[in-house]
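In what follows, a single structure is set out as structure tokens and then discussed.
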Amino acid sequence: MSKANIAVLVSGGGTNLQALIDAQNNGIIKSGQIKLVVSNKADAYALTRAQNAGIKTAVVSKEECGSKAYMEEKIISLLNQNNIDFIVLAGFMVILSEKFTKLYEKRIINVHPSLIPSFCGEGFYGLKVHEAALKKGVKVTGATVHFVNEIADDGEIIMQKAVEVLDNDTPETLQKRVMQQAEWIILPLALEKVCSELK
Ligand code: GAR
């Protein structure tokens, strides 16, 4: 297959999107090309990052669409219009339905800020994941990149990286270390791996 056309779905700051853009620029990602960034939040800074990199953006929000089902339909038609082969969820805070995930079986990956199966599933997102890890007192956490199915954080694991928890960590300091030492490294590597294996 020639380069896969990639769409990245985002909701927030977009540091993982930035890691993908950087990896594309420095040749770590060579089997795919980011063609589209879709946000469900109009004020997501991730949109600015995409625009700065010259990548096409779109906003499709549940509020505007009236329902999650219609929001998903709109996203799917955007993906079709842009000939998207592969989807990355990079801080996308919506759990996609079975209807959506079945259309892209083994063609959607997600980055999650813990070592799955710890601190994952519905309700575990963003800082909440790190709050739960600190509350439990784990000494090691990390990040996971996995394929996406209709169950939150349940799909096959592609890559994981462990990160040490320090005694004086706050959810914020832990989140930052997990991003720097794990997410921003394994997301581009995992994306290149799966795109290079696409048939
Ligand atoms: C990241 O830590 C990502 O792993 C997490 O949200 C953050 C988004 O940051 N995703 C989840 O919790 C999904 N369950 P970013 O917008 O700066 O990439």
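Order of appearance sets the numbers: ligands from 1, and atoms from 1 within every ligand. On a predicted model such as this, the values are computed, not experimentally measured, just so you know.
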_Per-atom contacts, ligand 1 versus Met179 - under 4.0 Å to a heavy atom_ = 1 (C), 2 (O), 9 (O), 17 (O)
_Ala46 near ligand 1 by a heavy-atom separation under 4.0 Å_ = no
*Give the numbers and elements of all ligand 1 atoms closer than 4.0 Å to a heavy atom of Asn16.*
1 (C), 18 (O)
*Does Gln175, backbone or side chain, put an N or O under 3.5 Å from an N or O of ligand 1?*
no
*Of all the non-hydrogen atoms in the protein, which one sits nearest to atom 16 (O) of ligand 1, and at what distance?*
Gly14 N, 2.8 Å
*asked:* Is the contact between Phe92 and ligand 1 made by the side chain, the backbone, both, or neither, using heavy atoms and a 4.0 Å cut-off?
replied: neither
*asked:* Quick test: of every protein heavy atom, which one is nearest to atom 8 (C) of ligand 1, and how far off is it to 0.1 Å?
replied: Gly91 CA, 3.6 Å
*Glu197 and Lys193 ion-paired at < 4.0 Å*: yes
*At a 4.0 Å threshold, what atoms of ligand 1 neighbour a non-hydrogen atom of Glu183?*
1 (C), 2 (O), 3 (C), 4 (O)
*Tyr125: numbered ligand 1 atoms lying under 4.0 Å from its heavy atoms*: 12 (O), 14 (N)
*Which ligand 1 atoms are under 4.0 Å away from a heavy-atom of His112?*
14 (N)
*asked:* Does any part of the side chain of Phe147, heavy atoms only, come nearer than 4.5 Å to the side chain of Ile157, both counted from C-beta?
replied: no
*Give a yes or no on whether Glu172 atom CD has more than 12 heavy-atom contacts from other residues, nucleotides or ligands under 6.0 Å away.*
yes
*Have a look at Glu122, Gln18, Met93, Lys176 and point out the one with the heavy atom closest to atom 6 (O) of ligand 1.*
Met93
*Where do Leu36 and Ile55 come nearest, in terms of heavy atoms and distance?*
N-CG2, 3.9 Å
*Enumerate the atoms of ligand 1 whose separation from the nearest heavy atom of Gly126 is less than 4.0 angstrom.*
11 (C), 12 (O)
*4.5 Å side-chain heavy-atom contact, Phe119 and Lys136*: yes
_Quiz question: by atom type and distance under 3.5 Å, do the side chains of Asn40 and Ser11 form a donor-acceptor pair?_
yes
*Lys106 bridged to Glu156 by N-O distance under 4.0 Å*: yes
*Hey, are the side chains of Asp169 and Leu134 touching, using non-hydrogen atoms and a 4.5 Å cut-off?*
yes
*State, without any angle test, whether Glu72 and Ser97 hold a side-chain donor-acceptor pair at a distance under 3.5 Å.*
yes
_Need the ligand 1 atom indices (1-based, order shown) with element for anything under 4.0 Å from a heavy-atom of Phe124._
14 (N)
